[in-house]
Amino acid sequence: MANGSKQIVDFAKIKATMADPYKHPVQVIDREGKVVDPDTLAKYSDDQLVDFMKKMVWERTLHEQTMNFSRQGRLGFYAPTAGEEASEMGSVTAFKEQDYLLPAYRDLPQMIQHGTTVAKGFLWSKGHVEGNQHENPNMMFPQIIIGAQYVETAGVALGIKKNGDEDRVAFAYTGDGGTSQGDWYEGVNFTSAYQAPAVFFVQNNGWAISVPRKKQTAAETLAQKAVAMGVPSVQVDGMDIVAVHEVSKAAREFAAAGNGPVVIETLTYRYGAHSSAGDDPSRYRTKGEEKPWFDADPLVRLRKVLTDKGVWSQDQEDKLVDGYKDEFKQAMKEAEAAPAQKVSDFLKWTYNVPTPAVKKQIAEFEAKESK
């Protein structure tokens, strides 16, 4: 029998090309502030574009003021968001009040935009129970366990489908490191199997604390991971707020129409440390790596477009920043005025009907707290 030289399957070719459809991030405004998709930009009025800019300035100012509060010892855990304004504000503004948000710990800005308050965000950072009580009930508190919100989103999305809710979806965020967790796969796969309405965001900011994206997975893109679960996915320039918003809006419409979930990978960057807890990014990142991302700053990019249009000025931005700072300082005063938490209350909330041992502990702590 002759020995054939041709292989029945060319695995090398498959490996070399399987990421091809996902290596072309959607973009409207490039890193130099040049409009590369004028037809899409034309869908947005100057007022809408100015509103996008205001929201990004708001988030950048919130980040800076929150870091100041953290250095003053007035907050607990805080995950910096500088650099991710386009990814976060561009996406959350594409959803409606009735949509259910399942955030991670870096998503306080989206929560505030979706219906909680800055003061509640500060209270959550301080570990106060009132930080989990939101004016808009359609959101969960931030998930600390990496990727766990994806499993929760699957349950919420299935509930939306079973309830027959029209024009409603669940949406969730995680970072690039979250896609290396089993919960990520389980949540996306479950949602896909039941064709439940969900939009999953992966904010690929390059680092999972000090672990670089390239060491987490051999996949060329994170978007392509969704294909194995039958979920349409896309990469988008996460420093371009118009592109993020346009893709997010399309994904929401697709999911709300009963077509199942969508995965969106936003290519963005975390300018600062992983958290206020103290990691030092200079120990695992170089200035050479950081510079291209600072050059692609989402605020600088849209600022150029608006300045060229004559609808934005530095004076206008400076006044906004001053107003936002005052707003955040007032929110901190409100948070610090919240009643102190009591151990006795924590014990009371542990069981609907306290056990005899817990009853005894409640009485002991109430006696101490009354002094």
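Values below: every heavy atom of this structure, side chains too, minus hydrogens, waters and symmetry copies. Note that the numbering runs from 1 along the sequence shown for the chain.
N205 places no side-chain N or O within donor-acceptor distance of the main-chain N or O of G175, the cut-off being under 3.5 Å. At least one donor-acceptor pair closer than 3.5 Å links the side chain of T93 to the backbone N or O of M89. In terms of modelled atom types and a separation under 3.5 Å, the side chain of D30 and the main chain of G33 share a donor-acceptor contact. A distance-only check finds a donor-acceptor pair linking the side chain of Q48 to the backbone of S45 [under 3.5 Å]. Panel note: side chain N136, backbone H114; a donor-acceptor pair is recorded below 3.5 Å. With S276 contributing its side chain and Y78 its backbone, the two residues share a donor-acceptor pair below 3.5 Å. A donor-acceptor contact shorter than 3.5 Å links the side chain of D99 to the backbone of K96. Under the 3.5 Å distance criterion, the side-chain polar atoms of T266 are left unmatched by any main-chain donor or acceptor of T268. A donor-acceptor distance shorter than 3.5 angstrom exists from the side chain of R106 to the backbone of H274, with no hydrogens or angles considered. D240 places a side-chain N or O within 3.5 Å of a backbone atom of I29 that can act as its donor or acceptor partner.
At a cut-off of 3.5 Å, with distance as the only test, a side-chain donor of E289 or Y269 sits close to an acceptor on the other residue. Between the side chains of N68 and R74, no donor N or O sits under 3.5 Å from an acceptor N or O. Side-chain atoms of T81 and E59 form a donor-acceptor pair, as typed in the model, at a separation below 3.5 Å. Side chain to side chain, T179 and Y185 fail the donor-acceptor criterion of an N or O pair below 3.5 Å. A side-chain N or O of Q110 and one of D107 form a donor-acceptor pair less than 3.5 Å apart. Under 3.5 Å, the side chains of T61 and E64 contain no donor-acceptor pair of N or O atoms. With hydrogens and angles left out, the side-chain atoms of Q203 and D176 include no donor and acceptor closer than 3.5 Å. Looking at D280 and S282, their side chains do bring a donor and an acceptor atom within 3.5 Å of each other. Looking only at atom types and distance, the side chain of E265 has no donor-acceptor partner in the side chain of S233 under 3.5 Å away.
A salt bridge does not link E220 to K214: none of the charged nitrogens lies less than 4.0 Å from a carboxylate oxygen. Salt bridge status for E317 with R303: present, with a side-chain N to carboxylate O gap under 4.0 Å. In summary, R301 and D297 do not engage in a salt bridge, as defined by a charged side-chain N under 4.0 Å from a carboxylate O. Here D345 does not pair with K342 in a salt bridge; the nearest charged N to carboxylate O distance is not below 4.0 Å. In summary, K120 and E135 engage in a salt bridge, as defined by a charged side-chain N under 4.0 Å from a carboxylate O. A salt bridge links K249 to E246: at least one charged side-chain nitrogen sits closer than 4.0 Å to a carboxylate oxygen.
Taking each heavy atom of D279 and S275 in turn, the nearest pair found is OD1-N, 3.2 Å. In terms of heavy atoms, P142 sits closest to L108 at CG-CD2, 4.1 Å. Scanning all heavy atoms of the two residues, the minimum distance from M139 to M111 falls at CE-O, 3.5 Å. Closest approach of Y284 and W207 over heavy atoms only: O-CH2, 3.0 Å. Pairing each heavy atom of V156 with each of A170, the nearest pair is CG1-CB, 3.9 Å.
By the rule that hydrophobic residues join a cluster once side-chain heavy atoms approach within less than 4.5 Å of another member, V231 and V247 end up as members of separate clusters. F328 and L123 fall into different hydrophobic clusters, defined by Ile, Leu, Val, Met, Phe, Trp and Tyr side-chain heavy atoms under 4.5 Å apart, directly or through other members. Under the 4.5 Å side-chain heavy-atom criterion for ILVMFWY residues, no single connected hydrophobic cluster contains both L102 and W184. Note: the hydrophobic cluster containing V311 also contains V305 (ILVMFWY, side chain heavy atoms under 4.5 Å, direct or indirect links).
Here F200 and Y150 bring their ring centres to under 6.0 angstrom of each other. For H245 and F52, the ring centers sit closer than 6.0 Å to each other. A centroid separation of less than 6.0 Å is found between the aromatic rings of Y271 and F294.
By the 6.0 Å contact criterion, CZ on F141 is open, its count of non-hydrogen atoms from other residues, nucleotides or ligands being 12 or less. By the 6.0 Å contact criterion, NZ on K319 is open, its count of non-hydrogen atoms from other residues, nucleotides or ligands being 12 or less. By the 6.0 Å contact criterion, CD on E166 is open, its count of non-hydrogen atoms from other residues, nucleotides or ligands being 12 or less. Heavy atoms from other residues, nucleotides or ligands lying under 6.0 Å from CD of Q7 number 12 at most.
Using a 4.5 Å heavy-atom threshold, the side chains of W58 and P109 count as touching. Contact annotation: the side chain of F190 approaches that of L158 to within less than 4.5 Å [non-hydrogen atoms, C-beta and beyond]. Contact check for I14 versus V9: side-chain heavy atoms found under the 4.5 Å cut-off. Between P25 and V236 there is no side-chain heavy-atom pair separated by less than 4.5 Å. Taking the side chain as every heavy atom from C-beta outward, I241 and P298 never approach each other to under 4.5 Å. Using a 4.5 Å cut-off on side-chain heavy atoms (C-beta onward), E84 and M239 make no contact. Between V57 and V321 there is a side-chain heavy-atom pair separated by less than 4.5 Å. Side chains of T355 and K359 form no contact here, defined as non-hydrogen atoms less than 4.5 Å apart.
Residues satisfying the salt bridge (Lys or Arg N to Asp or Glu O under 4.0 Å) test with E85, not counting sequence neighbours, are R60. When the ring pair (Phe, Tyr, Trp, His ring centres under 6.0 Å) test is applied to F346, the partners found at least two apart in sequence or on another chain are W349.
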Go through it in stages, so that I can follow the logic: the residues are D167 and R252, the test is salt bridge (Lys or Arg N to Asp or Glu O under 4.0 Å), and I'd like the CA-CA distance, side-chain angles, deciding distance and then a yes or no.
CA-CA 9 Å; D167 194 30; R252 188 204 176 276; 2.9 Å; yes
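Applying the ring pair (Phe, Tyr, Trp, His ring centres under 6.0 Å) test to pairs two or more places apart or on separate chains, none has a residue in residues 352-371.
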